[in-house]
Amino acid sequence: MFRSTSRLRDLAHSGKLEEAKGLFDGMKPRDVVFWTAMVNAYALNRDVDRASAAFARMPAADTIAWNAYLAAFAQNGLPLDARLAFDDMPGRNELSWTSLTQSYAQAGMLDSARAAFDRTPSHSVVAWTTVLSAYALCDNASEAKALFDAMPQRSVVSWTILMTTLAHKGRVAAAKELFDDMPQRDHVCWHAMLAAYSRNRQLDMATSLLHRMPQANAVALTTMIAAYAGTGDFERAAASFDSVPRRDSYTWNALLSAYSQNGHLVAASSIFDRMPQRDTIACNVMITSYAKAGELQRAMAIFENTPERDVVGWTVVITALAQQGDHQAAFHAFCCMDLEGVPAN
RNA sequence: CGGCAAGAGUUAGUCCC
């Protein structure tokens with residue numbers, strides 16, 4: 001049972017939801033810990049409905065189970081549902097409060113995040129860092145810096161958040177200074193620094209950082225694919241792709257985008273056909289390329305077959321229709337998006 | 001150390017051109 005729970009957790013973290021479900025179905029009896037792992041598995045894979053259905057079926061939920069249920073809403077952009085779950089909880093701990101704060105932070109509801117933090121009984125470094133992330137998400141760099149300086153403790157996560165915020169504002173040098181001043185560095189902060197250079201088109205700095213990194217894994221190399229693609233160097237982008245040891249959908253999508261950004265539609269299309277899986281983002285890349293090339297028919301064909309169409313794909317289609325002068329179709333598409341339950345932004 | 005909370009890489013728009 002202990003091992004199955006761990007296995008369930010691992011499957012969930014690697015996106016293997018169906019396998020996780022299979023493991024869950026084959027396991028009886030199930031205790032509250034195992035149930036909680038399943039709720040979390042759904043939540044991690046963006047399936048809030050099944051997460052909350054599983055929670056509802058779970059016998060004798062404890063505080064940790066409630067936290068997993070709350071986190072399902074908090075992490076998936078549903079702050080109002082998170083709040084309802086929070087209010088229903090029979091008991092709360094530090095993690096409950098942090099999840100509530102996070103739900104507001106992620107939704108950009110800075111004041112609510114701040115209020116939740118202020119009501120939190122005791123403030124761990126995670127609680128502080130969660131509020132920091134609220135400012136970071138609004139790209140409020142000066143407030144973030146002030147909060148960072150005022151925090152009683154900082155973790156490597158806090159440092160990384162501030163670094164990323166500065167980089168988003170184009171303040172690469174300030175970001176690098178933070179990076180150098182960090183008391184400890186883990187893999188994520190190295191990747192964040194690499195992304196900072198990439199975003200700000202400092203390719204030579206990115207490359208030299210890459211070579212100094214403890215290990216260049218798929219995350220780092222995918223950053224490089226995008227960095228090269230952004231400067232039109234799709235050959236180096238492809239070379240980076242070839243050097244990725246274990247390619248995931250991010251890696252493939254970055255390569256796809258590298259070709260399509262640079263007008264190599266035929267190559268992009270053949271990559272698209274060869275990809276292990278064509279997720280929403282891959283489809284969006286192709287839709288964008290075809291729309292840009294005026295091949296609306298092809299764009300629409302892919303759009304029709306896109307799994308989980310999102311606001312990005314819809315926006316491309318609506319914009320393309322409008323630019324073609326077909327305002328009626330554009331408006332109709334907008335209404336369809338609404339009907340499908342995809343919120344406009 | 002069986003389950004729960006904060007940070008990093010890929011697509012539209014957004015910023016500069």
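Convention: sequence-line order gives letters A, B, ...; per-chain numbering from 1. If you're wondering where the values come from, they're calculated on a predicted model, not measured in any experiment.
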Those residues of residues 336-345 of chain A lying under 4.0 Å from RNA chain B by at least one heavy atom
N345(A)

Once you apply a heavy-atom cut-off of 4.0 Å, does V131(A) come out as touching a base, just sugar-phosphate, or nothing?
nothing

Mind checking if V285(A) touches a base, just sugar-phosphate, or nothing, with heavy atoms under 4.0 Å?
sugar-phosphate

Could one point to a donor on the side chain of T160(A) or the base of G7(B) with an acceptor on the other under 3.5 Å away?
yes

Side chains of Y259(A) and S269(A): does their closest heavy-atom pair fall under 4.5 Å?
no

Length of the line joining M286(A):CE and A12(B):P, which is rounded to integer Å:
14 Å

Select base, sugar-phosphate, or nothing to describe what C189(A) touches, counting heavy atoms under 4.0 Å on all strands.
base

Which part of the nucleic acid, if any, lies within reach of D310(A) when heavy atoms closer than 4.0 Å are counted: base, sugar-phosphate only, or nothing?
nothing

Scan S198(A) against the nucleic acid and name what it touches under 4.0 Å (heavy atoms): base, sugar-phosphate only, or nothing.
nothing

Sugar-phosphate, base or nothing in reach of A218(A), heavy atoms under 4.0 Å:
base

Hey, does the side-chain of S6(A) have a donor or acceptor N/O within less than 3.5 Å of a partner on the base of G2(B)?
no

Select one nucleotide: of U10(B), U11(B), G7(B), the one nearest the side-chain heavy atoms of A254(A).
U10(B)

Parallel under 30°, tilted from 30 to 60°, perpendicular over 60°: which one fits the rings of Y69(A) and F55(A)?
parallel

S240(A) vs Y228(A), side-chain contact (heavy atoms from CB on, under 4.5 Å): CA-CA, chis, key distance, verdict:
CA-CA 9 Å; S240(A) 298; Y228(A) 288 127; 3.4 Å; yes

Output yes when R298(A) and E304(A) qualify as a salt bridge under the 4.0 Å nitrogen-oxygen rule, no when they do not.
no

With a non-hydrogen cut-off below 4.0 angstrom, is D31(A) in contact with a base, only sugar-phosphate, or nothing?
base

Is the ring pair W252(A)/F241(A) parallel, tilted or perpendicular, if the boundaries are 30 and 60 degrees?
perpendicular

How many whole angstroms separate atom CE of M224(A) from atom C1' of U10(B)?
15 Å

Protein-nucleotide distance (L209(A), atom CG; A8(B), atom C1'), rounded to Å:
12 Å

Would you mind reading off the distance between F241(A) atom CZ and G9(B) atom P, rounded to a whole angstrom?
19 Å

Report yes if a donor N or O on one partner sits less than 3.5 Å from an acceptor N or O on the other, where the partners are the side chain of N217(A) and the base of G9(B); otherwise report no.
no

So, taking the atom named CE in M163(A) and the one named CZ in R171(A), what distance separates them when rounded to the nearest 0.5 Å?
13.5 Å

Listed nucleotide nearest any side-chain atom of N284(A), set G9(B), U11(B), G7(B)
U11(B)

Tell me whether the centres of the aromatic rings in W314(A) and F303(A) are closer together than 6.0 Å.
yes

Nucleotide N/O to protein N/O under 3.5 Å, stretch nucleotides 4-6 of chain B:
{"from": "C4(B)", "atom 1": "OP1", "to": "R9(A)", "atom 2": "NE", "distance (Å)": "3.1"}
{"from": "C4(B)", "atom 1": "O2", "to": "N67(A)", "atom 2": "ND2", "distance (Å)": "2.6"}
{"from": "A5(B)", "atom 1": "N3", "to": "T98(A)", "atom 2": "OG1", "distance (Å)": "3.2"}
{"from": "A6(B)", "atom 1": "O4'", "to": "T130(A)", "atom 2": "OG1", "distance (Å)": "3.2"}
{"from": "A6(B)", "atom 1": "N1", "to": "S155(A)", "atom 2": "OG", "distance (Å)": "3.2"}

Figure out the CG/C1' separation between L255(A) and U10(B), and round it to whole Å.
11 Å

In this structure, how many angstroms lie between the C1' atom of C16(B) and the NZ atom of K169(A), rounded?
14 Å

Could you tell me how far apart D10(A) (CG) and G2(B) (C1') are, to the nearest whole angstrom?
11 Å

Determine, for E19(A) against R7(A), whether the closest basic-nitrogen to carboxylate-oxygen distance falls under 4.0 angstrom.
yes

Ring centers of W66(A), F86(A) separated by less than 6.0 Å:
no

Got E94(A) and H123(A) here, is their nearest side-chain heavy-atom distance under 4.5 Å?
no

Mind calculating the distance between CG (D248(A)) and P (G9(B)) to the nearest angstrom?
13 Å

